[in-house]
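Shown next, in structure tokens, is the structure this report addresses.
All chains are named by letter (A, B, ...) in the order of the sequence lines, taking the proteins before the strands, and each is independently numbered beginning at 1. Worth saying up front: this structure is predicted, and the values here are computed from it rather than measured.
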Amino acid sequence: MTGGEAPEVIGELRQILARAAGREELLGLPAQTPLFGAGVGLDSLAGTLLLREVHRRFGVDVAGEDLNLDALATLGTLAAFISERAHGHGPS
Amino acid sequence: MMVKCVIWDLDNTLLSGVYLESGAQPPPADPAMVTAAAQLGDRGIIHAIASRNPPEAARYAARVTGLDFAAAECGWGRKSDAVRRIAADLGLAPDAVAFVDDDLYERAEVSSAVPEVLVLSPEDMAEAVGWPEFSPAVVTAEARRRGEMYAERRRRLQEARAFAGSRDDFLRYCRTEVTIAPAAAADVPRLHELSVRTHQFNTAGRAVPEPALRELIGSPAHQVTIVRLADRFGDDGVVGGCVVERGPDRAWTVTLLMMSCRAMGRGVIQALLAWLARSAGQGGATALAVPCLVTPRNVPLRLALAAAGFRAAETGPPDQPAALFSRPLTEPPPELPGYVIGEVRSGVTGP
């Protein structure tokens, strides 16, 4: 599954990320931009707020299921991670 | 569990009377509570306000008590919600918080909604000053200034909210200075305190006694490092540290890495991890490994490790999850942020 299959999830994640990082310009962030490093420079504070809100909003505990936090590579990978799990648990 | 923050009710608790029922002259501070609060402040315990009053009441209370309040929730919602917001705002777990209120109903409401919080009446509080929960074994210079540092933190956060620009721009604007230096004997009490108090940024999750720290500082096979943080809002002192053990095969193991949650969002852990990766490379290390407990509380540390290019392999048993984070030294190390100053010798070198 790719991030392209979950455009609504990506849109919502973009808003959560912009709020968590306190940076409005992230509302225009492409789904493939790396979140760590030069791309967005996600730090532990914004990352923690993002994961907390993802858990609250989608019921997916990314940190509990993904030791290396690979799901946080991009908004696309995060959306895919969430969609796979939300589909597994939610009504079909 | 040590209490790190006391959340005070105002009416008939920290004030001897009811703020809104006292006409032009609001009630004076309650001398017994102010004495207790000041004693706790000297031990590094911080204060906050949760009151059914307008926000002016918190400013008035700060003036008449002479105390620094790290947070204030004034309003007419549930006190348990105010307590939860304050704990989240200060980055504290509920079990590190005490709540003092004269009203039996409010105490019951907070106890039932947030059972981890230590709930006390004003009478309890006068006596609780002597309890172990309020008596840290060591009181460091950082601890005595903790109340002030939280007040500085509030001013910094207010400016950060109004600041248009990236986090790094803001850190530069604040004239952030992160100093990484070898630990000396005088740093032992603070390093011990950090090993006890830090949870969100702590790889080991256990207290390191002072004699053990002294031994590590003197050991040729180890390097103990401290991290200081200051900016134009104030000096936070020593906010973190790490212990590197170099193995016989020039493999470096970071046996302890810790940072105060107060330093979160200020580039400190990023600077420390970048410095570790760089000094391992320069020091001729063959590997750099960080064994780390995996708990719901230290997710912020895992985020920082991931951002610095570390990869984890599971090591612990299922009931006590742990991981070995490592970073290949063949890859270029992360840039040392521009706000890192001081030094920093390049780290321990092989035998």
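A:D70 touches chain B through its side chain: at least one heavy atom from C-beta onward sits under 4.5 Å away, while N, CA, C and O do not. When heavy atoms are compared at a cutoff of 4.5 Å, B:A313 approaches chain A solely by way of its backbone atoms N, CA, C and O. With a 4.5 angstrom heavy-atom cutoff, B:Q200 does not touch chain A via any of its atoms. The contact between A:L69 and chain B is made entirely by side chain atoms (from C-beta outward), counting heavy-atom distances below 4.5 Å. In this structure, chain B has a heavy atom under 4.5 Å from the side chain of A:L72, while its backbone stays farther away. Interface residue B:A307: backbone and side-chain heavy atoms are both found under 4.5 Å from chain A.
The aromatic rings of B:Y173 and B:F163 sit tilted relative to each other, their planes meeting at an angle between 30° and 60°.
In terms of modelled atom types and a separation under 3.5 Å, the side chain of B:R327 and the main chain of B:A277 share no donor-acceptor contact. In this structure, B:R278 contributes its side chain and B:P334 its backbone to a donor-acceptor pair below 3.5 Å.
Counting heavy atoms from C-beta on, the side chains of B:L256 and B:N202 come closer than 4.5 Å.
Comparing A:S44, A:G41, A:A46 by how many heavy-atom pairs each has under 4.5 Å with chain B, the most go to A:S44. Contact tally against chain B (heavy-atom pairs below 4.5 Å) for A:A21, A:G47, A:G64, A:A63: the top residue is A:A63. Heavy-atom pairs under 4.5 Å with chain B were tallied for A:L42, A:T48, A:D61; the largest tally goes to A:T48. Each of A:L45, A:N68, A:L35, A:L51 has some count of heavy-atom pairs under 4.5 Å with chain B, and the biggest count is that of A:N68.
Cation-pi geometry between B:R154 and B:Y150 is not met at under 6.0 angstrom from the ring centre and within 45 degrees of the axis.
Partner B:D231 forms a salt bridge (charged side-chain N to carboxylate O under 4.0 Å, His left out) with one of B:R266, B:R155, B:R175 and no other, that one being B:R266.
A salt bridge is absent between B:R156 and B:E159: the closest approach of a Lys/Arg side-chain nitrogen to an acidic carboxylate oxygen does not fall below 4.0 angstrom.
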